[in-house]
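One structure below.
Residue numbers begin at 1 in each chain, while the letters A, B, ... track the order of the sequences. Everything numeric in this text was worked out from a predicted model, so none of it was measured.
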Amino acid sequence: MPEKPVRVRYAPSPTGLPHVGNIRTALFNWLYARHEKGSFIVRIEDTDTARTVDGAVEVILESLRWLGLDWDEGPDKPGSFGPYRQSERLEYYKKAAEQLVAQGNAYYCYCSSERLEEMRSAQIARKEPPGYDRACRNLTLEERASRLESCQRPVIRFKAPLEGSTSFNDIIRGEVTFENRSIDDFILLKADGYPTYHLASVVDDHLMQISHIMRAEEWISSTPKHVLLYQMLGLEPPQFAHLPMILGSDRSKLSKRHGAVSITQYRDEGYLPEAMVNFLALLGWSLDDKTDIINIQTLVENFSLERIGKTAAVFNREKLEWMNGVYIRSLEVDELARQALPFLEKDLPLSVKRPLDEEYVKAVMPLIQERAKTLSEIPSLVYFFFTPDIEYPAELLIGKKMDADAALHALEATLEKLESTQAFDHDSLEQRLRPLAEELGLKAGQLFGAVRVAVTGVTVSPPLFETMMVLGRNKCLERIKQAIKKLSCRVD
RNA sequence: GGCGCAUUCGUCUAGCGGCCUAGGACACCGCCCUCUCAAGGCGGAGACCACGGGUUCGAAUCCCGUAUGCGCUACCA
């Protein structure tokens, strides 16, 4: 018997920006689909009309595209099971809810939200578990008619079984069982005609022939509700796999308090999608006991449900940063330049002429490639290559164990040496300056330090000679002269 | 409160009864390389495998309790 094709879905609700936890769920679904040569479906769960955020769908899809997670069916990619926005599928949910009412597995509820609120706070005050008191569960026809007068828009509630228990087999956690009496008569269809998540996801996962539901662990206690719905609707439930949660540094659910949470923010901060995918894949999954740099293709080839862990993971930014550095270092120089360009255009000082010279950018990139952890920090690493002038206090020119005079002499001697030659490549620079240090009775580091500040305006930079080569002879000489002027003012 | 899930270095994790005096990675510390900063190399510190009972010749690995953490408990998903 041929196995059913793998069809998995990522089902975000467009109520805000997708955060790293959501995206990790998307990634695992995608990896599984690609590994199994199945289908990856994006379904928009826009059933909460009040909380829906304009533009959120586009940001979600953009995030997936950025990471390279392509989908086979989705809101912008019609398939055989559309539409892929739940707001466009209302008739299916209504039909299912009515079927359940007709079968006696669901009922109309006329309770006002005010009454429900009062009921809940009273329950809490009495230290009872909060839940619907089932006031409308067994109404007679007459009672229903009279309630309808005061409440035009009833909801439909599920008639949860009062006895027995419901279990399901979770691929990651094994058998999980819930007592039915702990299951509320939850709402299936809201007063506005929209379904709740429970109804909508069950109906759609069936209609879209989803084979595996992979979602975050927070859904595990809702799953018995879904299993019951499948049963009452006469449907075969898909397989369940509840993924471990991703936590903030204080071990609580990820939120704005934890700083960067939305995936687009990482993109804007200059993280590479490849690094993000690699890092996220390792939050709850592992290849083996020692591999942590894994490209996406290897991920697809090796991904398996069996190697998904059970325990929640703290999102560790430091490791992400390290990993991003690894990926930046592995880039071809042209590619690094291409990716860095927008960050440079945006963050280089206003005094730098736009558009930037791409060839010049390419020449600069090798000097910072192994020093940058994110693309967004590149401008601060290289601005002195681009600015017409550099600003720094004269004191910076005076290195450790040196005084102003020594620094001045060193720079004057350097200037003289460099003016006497046109050669400005790494080796000739080194051949001139290194002996010069000795002549002056300085350590190489002392001389190079003064020249570094003169030429770049900072004490930390890429290696001096490479920097000078890229900067060019004219600019270097000019800046050294400026430095000499600065120092002589000070000496007087 | 009720229900559920989880529990290996600070963090991510390997481990699916003997290979574990618990391995790797990030971060941290030291040394080497070195013109600064990185990168790289080498080394170090860091987990009595939450705790307590079992089962077994033998347990981080199986079972039962306890504790702790997290999640759910909405006409939110």
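Pairing for B/rA74 is absent, with no Watson-Crick or G-U wobble pair whose two atom distances lie under 3.5 Å. Base-pair partner of B/rU21: not found among the strands shown (Watson-Crick or G-U wobble, both distances under 3.5 Å). Using the Watson-Crick or G-U wobble rule with both distances under 3.5 Å, B/rA59 pairs with nothing in any strand shown. The pairing partner recorded for B/rA39 is none, the criterion being a Watson-Crick or G-U wobble arrangement whose two distances lie under 3.5 angstrom. With a cut-off of 3.5 Å on both Watson-Crick or G-U wobble distances, the partner of B/rA67 is given as B/rU7. Of all nucleotides present, none satisfies the Watson-Crick or G-U wobble test against B/rA45 with each distance under 3.5 Å.
Between A/Lys190 and B/rA77 there is a side-chain polar atom (N or O) within less than 4.0 angstrom of OP1 or OP2. Close to B/rA77, at under 4.0 Å from its OP1 or OP2, lies a side-chain N or O of A/Thr47.
A/Asp185 pairs with exactly one of A/Arg137, A/Arg157, A/Lys225 by the salt bridge (Lys or Arg N to Asp or Glu O under 4.0 Å) rule, that one being A/Arg137.
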Nucleotide by nucleotide, nucleotides 5-16 of chain B touches protein heavy atoms under 4.0 Å in the pattern (B base, S sugar-phosphate only, - none) SSS---BBSSS-

Per-nucleotide protein contact along nucleotides 31-39 of chain B, 5' to 3', at a 4.0 Å heavy-atom cut-off (B base, S sugar-phosphate only, - neither), is ----BBBBS

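Counting heavy-atom neighbours within 6.0 Å of A/His198 NE2, excluding the residue itself, gives a total above 12. Residue-environment remark: NZ (A/Lys443) stays at or below the threshold of 12 foreign heavy atoms within 6.0 Å. Taking a 6.0 Å sphere around CD of A/Glu91, one finds it holds more than 12 heavy atoms contributed by other residues, nucleotides or ligands. A 6.0 Å sphere centred on CZ of A/Arg307 holds more than 12 heavy atoms belonging to other residues, nucleotides or ligands. Atom CD of A/Glu175 is surrounded by more than 12 heavy atoms from other residues, nucleotides or ligands within 6.0 Å.
A/Arg120 is linked by a salt bridge (Lys or Arg N to Asp or Glu O under 4.0 Å) to nothing, counting only residues two or more places apart in sequence or in another chain. Shown here are the salt bridge (Lys or Arg N to Asp or Glu O under 4.0 Å) partners of A/Asp204, two or more places apart in sequence or in another chain: A/Arg43, A/Arg89.
For the pair A/Asn278 CG and B/rC26 P, the interatomic distance rounds to 13 Å; values are reported in whole Å. Atom CD in A/Glu45 sits roughly 9 Å away from atom P in B/rA77 (whole-Å rounding). As a whole-Å value, the separation of A/Ile156 CD1 from B/rA74 P is 20 Å.
In this structure, of B/rA74, B/rC3, B/rC75, it is B/rC75 that holds the atom nearest to the side chain of A/Arg157.
Using a 4.0 Å cutoff on non-hydrogen atoms, the parts of residues 180-187 of chain A near RNA chain B are A/Ile187, ordered by number. Of the residues in residues 110-124 of chain A, A/Cys111, A/Leu116, A/Arg120 come within less than 4.0 Å of RNA chain B through at least one heavy atom, sorted by number.
Taking the nucleotide of RNA chain B with the nearest heavy atom to each of A/Leu320 and A/Arg51, the more 5' of the two is matched to A/Leu320.
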